[in-house]
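Input: a single structure, listed below in C-alpha cells.
We name chains A, B, ... by the order of the sequence lines, and we start the count at 1 in each one.
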There are 2 protein chains.
Amino acid sequence: MTIQQVATEAGVSPSTVSNLLNGRNHRMLPETRQRIERAIDKLGYRPNRAARQLRTGRNTTIGLVVPSVGNPFWGALARHLESAALAEGYHVLLCNSERDPRRERDYVDELWADGVHGVVLCSSLPSLEHVMPLVERGLQLVAFDRTSQAGDPASLVSISVDNAIGSQLATQHLTDLGHRRLAFVSGALASVNRKERYRGFTAGLEQAGIDPATSVRAPVKGDADDFGDVEASELGRAAAAELLALEEPPTGIVAINDMCALGVCRGLRDGGLEVGKDVSVVGFDDIVLADLYAPTLTTVRQPMKEMAAAAFTQLRSRLDDSGPTQGQSLLFRPELIVRESTAPPS
Amino acid sequence: MTIQQVATEAGVSPSTVSNLLNGRNHRMLPETRQRIERAIDKLGYRPNRAARQLRTGRNTTIGLVVPSVGNPFWGALARHLESAALAEGYHVLLCNSERDPRRERDYVDELWADGVHGVVLCSSLPSLEHVMPLVERGLQLVAFDRTSQAGDPASLVSISVDNAIGSQLATQHLTDLGHRRLAFVSGALASVNRKERYRGFTAGLEQAGIDPATSVRAPVKGDADDFGDVEASELGRAAAAELLALEEPPTGIVAINDMCALGVCRGLRDGGLEVGKDVSVVGFDDIVLADLYAPTLTTVRQPMKEMAAAAFTQLRSRLDDSGPTQGQSLLFRPELIVRESTAPPS
DNA sequence: CGAGGCTGGTGCAACGATGCACCGCATGCT
DNA sequence: AGCATGCGGTGCATCGTTGCACCAGCCTCG
C-alpha cells in the first residue's frame, strides 16, 4: 500500500495525495479530495513512517529516559506520557537508564541518531552537560522531576512539582494535628528537589512557631549521595530505628518520598509502634502502593497525569510548530492526600 | 554523517562501507577494513535507521503491549525486556493497552504499519483472533503471562511461569507448616492462568491428604470477569472479610497474585488478626511490594528477568535468522520465596 | 492584445542505505 | 593461447514520501 497505489486508484499524482496528507489542500477541488480519501479508505493505506522520516528528517516518536520503569513512580509517568502521545499519534520509545549516567548519555545519543528530536529526560544527574552538544544541534529536552539549574541549556523545559510547597503542606498537616516534635527523613540532600523539600519542611515548622532546631533531620548513616528505590525504603527503615533510639522520639515524620515513608513505617513497626496512632508518617509522590499499604499512607500527590501531559505538550509544540524555543519551568501544585498514617499525637 | 562521507574519508565506495557494516566482509583486505573503521570512529558515524528500514523493510524495534506499566509487574517486564533488547541494539516501543481490547488491537496494527515485525503481547484477552491477520502476514508474536490456547496461531510463542506448580508450591508450603484449613482467593477463574493456579492449589491439598472439598474457594461477590490491580487488592480485602465470617475460618490463604494477597492481609488486619501469626498468606508474582509490606509477603516468584530475556531471544531469532517458525510454549519454573507472612498455625 | 495572476494540480530530484550484478585484474588449468 | 576462476571491490537502481519548481489553461486589466 504505497502512496503511488492510492494515487492510481484516485486517478491523481502521488504529489497530490501527499499534498492532501500534509494539509496542503487549500486549492484542491473538494471532489478530488474526496476521491483521494475514498481511495485511502478502500486500500487501507498508512503512510510509511520510515520513508517519511527519511525524507523530512522528522518523526513522531519521542524518547523517555527514566531510571527504571520497574519503579511505580516512573511507571506511572510512562503510562501517562504514552497516553498523551498516543492521542496525537506520537509514539514513546522507552529507555531505562538504570541510574547509570553513561547509559543515560548513550541513550540520548542513540535517540538523536535515530532521528528522535524530543526527549523527556528524568535524570538523576545534577548537570545536563553531557547532552548539551545535542541540545545545541536542536534536540528538544524536557527535564522531568528536576527543577532548572543555572548551568542548564537555555531551551530546557523543566517540569516538576513544587517540592517546597508539597513538603510544607505535609508538615503543616502534622502540626495542625498537634504534633510538635517532627523529623525529616531523607538521604543526602544532593538534588535540588530534595533540598526544596527540606526547605518546605522547615518553612512548615516555622509557620507553626516551632523552632526547626528542635526538630530532627534524621541522621542516617551512610548518607548515600544518591539512592534507588528499594534503597530508599531501607534507608527509611534504618532512619526509623535511629529516631526511636532518641530520648524524645518525634511523633511526626515527613519522608522524602513514599518508598522512604514505607520504609519508615516498617522501621517503626519493628520498634513496636503503630503508625497512624503512636507515630504519624507522611510521604511524597502518592505512588500506587500508598493507598494499598496498611495503614494507607498520607502523602503529597504529584499530579502525574497533568505533568506527563504537559511534558508531551511542551515537546510537541517545540517539535511541530517550532513554537517557543525559550526554556521554562513548570511547577505543578502538589496536593496533600490524607489517609490513615497520620493522626493527632497520642 | 552519511555512509557517503565515511566512504570518502576511507577512500572507498559506499557499497564497501555498507558491506562491512552488514558483515559481508569475507573477502575484504584487513587494511581496507581498518581504514573504514577508522573513518567511522573519526566521524562518529551512525547508520540512519529510517533509510535502512526503508531499504530493507526490517528494523530493530520490537513492540511491547502491556495493560499498564503503572503496574509494577508490567513495569518490571518492560525494564527487563528493554535491557535484553538494548544488549542487542534493539529498541522497545512501549504501548499501554489500559486493558482496552480495542486499543490493544489498534496498537498491534499500528506497530505493524510502522514496520515493527515482532511484538511481545501481554493480552488480557482469551482469544488472539484480532491479530491473526497480521500474524499470517508475518508478524512474530510472543504472548507473555498467557499459556497457549487451542485456537492460537501456530507460530505463537507463549512465555509464562508454570502456574500450577507455583500454586502447588505455595499450597505445600502451607500444609508443610501444618495448616489444614486452606482457602484460595481469586476473582473469576476466567483465564487459563487462573485456572491453572487453582489446579495447583487443589493438587497441593491432595498431596497433603486434604480433601479439597473441605477447603474453600473464597466465594467473592461480584466475581468480576476480569479485574485490574487495584481491584485485585480490594477483592482480596473483601474475600478476607468473608472468610473470617465462616464458622471455621481457614488458617492459610493462597491468593491469586500479590496484589490480591496484600488486600487479603489488609482484610485480615481489619478483622483484628495478625498475618504471619494468626493466619498465613501466600501471594504470587513477587512484586517489589512483597518485600516491603509489613509483614513481608511469602510469595511465588516469577523469574521476570529470565522470562523477559527469553521473550526477546525468541523474537529476535525469529526476526533475524528466520529461525524456527513453529510456535512453542516456555513454562518457567516458579520459586517459592518464604518471608514473614507464613508461619505454623497458632 | 499581451502581460501578469490565479487555479488546480504534476514532475522530479532528493533523503541514506542496501545488495545484486558486474568489473578489471591476476592466476591457474588445459 | 584461450578460458575459467578467485579476489577485492564498485555502480546503480531502489525503497516510499516529500515539497519546490513548474505548467497548462483561463481570467483580468491597462
[X] [atom1] to [N] [atom2]: how many Å, rounded?
{"X": "His26(B)", "N": "dG6(D)", "atom1": "NE2", "atom2": "P", "value": "15 Å"}
{"X": "Gln53(A)", "N": "dC15(D)", "atom1": "CD", "atom2": "P", "value": "19 Å"}
{"X": "Arg46(A)", "N": "dG16(D)", "atom1": "CZ", "atom2": "P", "value": "16 Å"}
{"X": "Leu20(B)", "N": "dG8(D)", "atom1": "CG", "atom2": "C1'", "value": "13 Å"}

What pairs of donor and acceptor atoms, side-chain ones from residues 39-49 of chain B against any protein atom, are under 3.5 angstrom apart with sequence neighbours left out?
from, atom 1, to, atom 2, distance (Å)
Lys42(B), NZ, Glu9(B), OE2, 2.9
Asn48(B), OD1, Ala50(B), N, 2.7
Asn48(B), OD1, Ala51(B), N, 2.9
Arg49(B), NE, Asp114(A), OD1, 2.8
Arg49(B), NE, Asp114(A), OD2, 2.9
Arg49(B), NH1, Thr60(B), OG1, 2.0
Arg49(B), NH2, Glu110(A), OE2, 3.1

Can you tell which of dT7(C), dG19(D), dT17(D) lies closest to the side chain of Arg24(A)?
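Closest of the options to the side chain of Arg24(A): dG19(D).
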
From the set dG9(C), dT17(D), dA17(C), return the single nucleotide nearest to any side-chain atom of Arg52(B).
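Nearest to the side chain of Arg52(B) among the choices is dA17(C).
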
Below 3.5 Å is the cut-off: list the nitrogen or oxygen pairs between protein and nucleotides 21-28 of chain D, distance only.
none

Restricting both atoms to N or O, compile the protein contacts to nucleotides 21-25 of chain C shorter than 3.5 Å, with distance only.
none

What string of B, S and - do you get for nucleotides 10-15 of chain C, 5' to 3', when a contact is any protein heavy atom under 4.0 Å?
BBBBBB

Tell me, please, which residues at least two apart from Phe312(B) pass ring pair (Phe, Tyr, Trp, His ring centres under 6.0 Å).
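For Phe312(B) the ring pair (Phe, Tyr, Trp, His ring centres under 6.0 Å) partners, ignoring immediate neighbours, are Tyr90(B).
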
Not counting sequence neighbours, list each pair that qualifies as a side-chain hydrogen bond (donor to acceptor under 3.5 Å, both in side chains) and has a residue in residues 302-311 of chain B.
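Only Asp285(B)-Gln302(B) qualify under side-chain hydrogen bond (donor to acceptor under 3.5 Å, both in side chains).
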
